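A quick write-up on the structure given underneath.
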Protein chains: 2
Amino acid sequence: MELKKSVVYQEIIFYGMAAIAMGIIVGALDALFGEVLILITQFRGQHIAWLLPFLAVAGLAIVHVYQKFGKNSSKGMGLVFTAGNKQDEEIPKRLVPLVIGGTWLTHLFGGSAGREGVAVQIGATVGYTFGKKIHFQDSKKILLVAGMAAGFAGLFQTPMAATFFALEVLMVGAIEYRALFPAALSAFAAAYTSHFLGLEKFSVDLNVDLPVDLSFAGKVVLLGIVFGAIGGLFAKLLKNTKGWLAQKITDPYRRIFVVGVLLTISLFALHMGRYSGLGTNLISASFEAGTIYSYDWVLKLVLTIVTLAAGFQGGEVTPLFSIGASLGYWLAPLFGLPPEFVAALGYASVFASATNTFIAPIFIGVEVFGYDTLPYFFAIVSVAYAFNNGHSIYAQEKAKIDHLR
Amino acid sequence: MELKKSVVYQEIIFYGMAAIAMGIIVGALDALFGEVLILITQFRGQHIAWLLPFLAVAGLAIVHVYQKFGKNSSKGMGLVFTAGNKQDEEIPKRLVPLVIGGTWLTHLFGGSAGREGVAVQIGATVGYTFGKKIHFQDSKKILLVAGMAAGFAGLFQTPMAATFFALEVLMVGAIEYRALFPAALSAFAAAYTSHFLGLEKFSVDLNVDLPVDLSFAGKVVLLGIVFGAIGGLFAKLLKNTKGWLAQKITDPYRRIFVVGVLLTISLFALHMGRYSGLGTNLISASFEAGTIYSYDWVLKLVLTIVTLAAGFQGGEVTPLFSIGASLGYWLAPLFGLPPEFVAALGYASVFASATNTFIAPIFIGVEVFGYDTLPYFFAIVSVAYAFNNGHSIYAQEKAKIDHLR
């Protein structure tokens, strides 16, 4: 008993130290990736007419490099899930430069995509590499979770949300509590590191003080149902479009090229690149009383799904934030609520329902919009989560794993 | 598919309505129980010399009523756990008056105990009774969880913490996400109802703004280890003392009488009833710069364990809050930190480690001490949770269930 206890403490302390080291490494990689991505986004904004025509060609390059050098890297997030669930699959270190490069290319030439896929894959790879060298029970899984938390935290600088995100997405419907302490340490270390290295955090001081009565509660429930349905729809459409495209055009070169050309045309035609990239332009407009069209959220949703289904790289999360924010901004007047408030609710809760997570989005809400907004985010996310029809952008990977068990 | 979806929505809406109805009933019962308990506490404070001598006799009455009328009620929280984990065990409605009466008697005659056991058992009984009448899959379990959340929420008026508490304690290490929406609705309904009926919420505006640097982080980690170890110790000692006493004095009448007499002597000798009841006197003293002795937390810990192990009724949570607060208040000067700040950290994190929960205590922290304190509670609870040695005051029940599976 005494012996066992000292081993347990030894493990905790050891994991803690490994987690901090991992957090620093992942935070630094996130900062590099994220800062270059911001430069790329600015550059694209200035030269969209010269860049967007080459999206299809950039796609060919991405597919080529993945096929030639990637080993099993093309499985992307799927690889993270299988490794996290103890399948004997390697996460090769080359995944890191590949996913970073692929995402930079996607964004430079105007694809509509996110960035957290990169950060989480960086974190997972670092965590897996640490875990392989350590021989405690389940060390690979625990440090993989910690690495994912660090990846998310370094990118968005929301360490509490990141901790729960890593725990929640890897284990849909269940939380692996032993990984919690290392994940939290790793997330804070990564967030501080990337902040120290100059990556900026997006935050808005919402400063709402709305009277909470039955009518307000009713509005929040209705909004939650809408956000929940739209997030669920995103997850379902992404899965179906991926499957449909893969079936229609089996050759990945041909697929990314053909869809790339169509994307170039659409992205040009629809406000000249307004829906290219992360969607941070829509987020800014939603919180700075800029221009938001009623159809912004629909187009961002469709174009992100098509970009990712074609084989471009990046992720879903920032587009989900922007879909939620622009949808909320547009809905606000119908509900007689402040636009930036409903935009904030959409920001967190469309993310919640598309990823089928509950705790992480509440923390995203408060870490971006201020701690005093906690009850609003608790309420909206509870509803959105209940009404997402059980879909998740990670469900495909998860289902595969359940099938293997 | 269409059909299935509409059934799912129907279920969600149905659970939602049931949850609100349950929340109102449970909140009203909590208000009745809680307000009378406050009157009893005041009355005891004024007449302690006349009441404390009869603690052992009150114990006999509690055992007698439970044995004669209780059916399986004496299993208390254990019953909630087995019913929650789909064992075919009934929760009889009589559990409610029995546990309320037993707890009032325990507190009137000066035992050291909590109150949340009552609230959670009220909620669980109401949830179970609703669930039995409904024929959706897993409805008993889902409404049991919602009922527990309502019970906790009605008593402490911390609905977010209550939601997670119910999810976390019933499923150690895993969270049943489907129960989340009904649990949240039920918890809010209960909190509003009990508040409306006059039960007051304990809250403190902490208003801290401390510089977060490495030295501060180091202090929080050290404090977290201490709070984690003490909470774990409480859980372990409670379990061992229960086992030891049951073995030493097999007759429950004899056990509660003998220990009752010893408790009367100890509680008299040790500051004349200072350690009787909930421990709210120690909590008030910790946050209003009152008198806290260095040994307050030790005596409250020992006397609560002995009271509960003897067979008295109530619960553990408020004593855990008071142990954490008084320990924190005493430790603060050693760490050069504001006493009420460290008391608040102890309040949430000793509760976390003794119950082996993580998310609920963070929300307890922010719902009692202000939303802006979120990062402090996230940090202290992460550490305390990691260092509790895996003990839990609910572990015994949980272990039994795992064994049955």
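Quick caveat: nothing in here was measured; it's all calculated off a predicted structure. In what follows, chains are A, B, ... by sequence order, proteins preceding strands, each numbered from 1.
- No more than 12 heavy atoms of other residues, nucleotides or ligands lie within 6.0 Å of CG in B/Asp209, so this atom counts as exposed by the packing criterion.
- When every heavy atom of A/Phe181 is checked against every heavy atom of B/Ser382, the shortest pair comes out as CD1-O, 3.5 Å.
- A distance of 8.5 Å separates CD1 in A/Ile12 from CD1 in B/Ile225, rounded to the nearest 0.5 Å.
- Residue A/Val212 touches chain B through its side chain alone, counting heavy-atom pairs closer than 4.5 Å.
- Per-residue heavy-atom pair counts under 4.5 Å with chain B were compared for A/Pro159, A/Gly16, A/Pro375, and the maximum is reached by A/Pro375.
- Contact count against chain B (heavy-atom pairs under 4.5 Å) is highest for A/Tyr371 among A/Phe387, A/Tyr371, A/Tyr15.
- The CZ atom of B/Phe378 sits 8.0 Å away from the CD atom of A/Glu367 when rounded to the nearest 0.5 Å.
- Between chain A and the residues B/Phe363, B/Phe188, B/Tyr192, B/Phe358, the largest count of heavy-atom pairs under 4.5 Å involves B/Phe358.
- With chain B as partner, the option from A/Leu374, A/Asp372, A/Val383, A/Thr373 having the largest number of non-hydrogen pairs under 4.5 angstrom is A/Leu374.
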